[in-house]
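Nothing here was measured: the structure is a model prediction, and the numbers come from that model.
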Amino acid sequence: MFFKSKLFKFLLPVLAYLLFAFQWAYHYKLVWYANIPEETQYFRGSNMSSYMMYAWLLVVSFVLFIIFGIIYLVKNPVPVYISYILSGILFFSAYYVWHYSTIPKGWHNTGFLQFVNLVLFALSIFKLNR
């Protein structure tokens, strides 16, 4: 019953975070190294600040999730507030992913990955509160 264990409830959101990090790095590689002039503007100048803000917010939420997730795994009777904190972090992370996916105009070719990522975050929130 690995799917009902606390470890699975912890690893599912980690998979969502890693999928988003892969997707962000893939877009960077695809646009920057392909030298597509109409899309490299998103990686230069003032346009990059909004993308970097989302990247940093996701990194901070990932670090907080790891810290509280380790507490969640170590404590035998898990306090309710730890589950709520983890769910809140996942909710805001899903919001960052959704908002990030709606900003770039030329990056809609990975809509399926965005959908899978948001589904992983939603499943993680429901599994943690059970």
Side-chain angles (χ1 to χ4, degrees):
M1 300 271 243
F2 177 70
F3 296 112
K4 293 185 180 182
S5 69
K6 287 179 11 177
L7 182 62
F8 179 74
K9 292 177 184 181
F10 175 73
L11 290 178
L12 191 64
V14 170
L15 178 67
Y17 279 114
L18 292 177
L19 179 65
F20 182 73
F22 164 75
Q23 189 173 3
W24 203 73
Y26 177 75
H27 282 229
Y28 176 78
K29 180 200 77 72
L30 183 68
V31 172
W32 190 259
Y33 289 119
N35 198 13
I36 303 171
E38 61 269 6
E39 292 194 18
T40 54
Q41 66 180 339
Y42 295 115
F43 288 108
R44 289 184 299 191
S46 61
N47 291 336
M48 188 62 178
S49 63
S50 64
Y51 300 118
M52 288 307 293
M53 179 189 69
Y54 288 116
W56 281 111
L57 286 173
L58 210 66
V59 166
V60 167
S61 66
F62 179 66
V63 168
L64 286 174
F65 180 80
I66 292 294
I67 291 169
F68 284 106
I70 290 172
I71 294 170
Y72 174 79
L73 287 174
V74 170
K75 287 243 185 206
N76 203 359
V78 179
V80 176
Y81 68 90
I82 295 286
S83 296
Y84 289 146
I85 288 172
L86 288 172
S87 297
I89 291 170
L90 291 176
F91 178 75
F92 285 117
S93 298
Y95 175 74
Y96 300 148
V97 170
W98 173 77
H99 201 271
Y100 181 80
S101 66
T102 59
I103 286 179
K105 295 183 169 108
W107 292 1
H108 295 295
N109 58 350
T110 59
F112 179 73
L113 279 179
Q114 296 287 354
F115 177 74
V116 168
N117 205 352
L118 289 172
V119 166
L120 282 174
F121 275 121
L123 280 173
S124 303
I125 291 170
F126 289 122
K127 283 222 167 266
L128 276 173
N129 285 331
R130 236 192 272 169

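Scanning for side-chain contact (heavy atoms from CB on, under 4.5 Å) contacts around Leu57 gives Met53, Tyr96, with sequence neighbours left out. Taking Leu18 as the reference, Val14 meet the side-chain contact (heavy atoms from CB on, under 4.5 Å) condition, with sequence neighbours excluded. For the side-chain contact (heavy atoms from CB on, under 4.5 Å) test, residues two or more places apart in sequence or in another chain that qualify with Leu15 are Leu120. Considering only residues two or more places apart in sequence or on other chains, Phe91 meets the side-chain contact (heavy atoms from CB on, under 4.5 Å) condition with Ile125.
Phe126 and Leu86 fall into different hydrophobic clusters, where Ile, Leu, Val, Met, Phe, Trp and Tyr are joined by side-chain heavy atoms under 4.5 Å apart, directly or via other members. Hydrophobic clustering of Ile, Leu, Val, Met, Phe, Trp and Tyr side chains at less than 4.5 Å, counting indirect connections, unites Val116 with Phe8.
Between Ile66 and Phe10, some side-chain heavy-atom pair lies under the 4.5 Å cut-off.
Distance CZ/Phe20 to CG/Leu118: 9.5 Å, rounded to 0.5 Å. Summarising the geometry, atom CD1 belonging to Ile82 is positioned 5.0 Å from atom CD1 belonging to Ile71; distances are rounded to the nearest 0.5 Å. Rounding to the nearest 0.5 Å places CZ of Phe65 at 5.0 Å from CG of Leu90. Rounded to the nearest 0.5 angstrom, Leu7 CG and Leu12 CG are separated by 11.0 Å.
Screening Val74, Ile67, Leu73 against Ile70 for a side chain to side chain contact (heavy atoms under 4.5 Å, CB included) leaves a single residue, Val74.
Residue pairs meeting the side-chain hydrogen bond (donor to acceptor under 3.5 Å, both in side chains) criterion with at least one partner in residues 70-93, sequence neighbours excluded, are Tyr17-Ser93, Ser61-Ser93, Ser87-Asn129.
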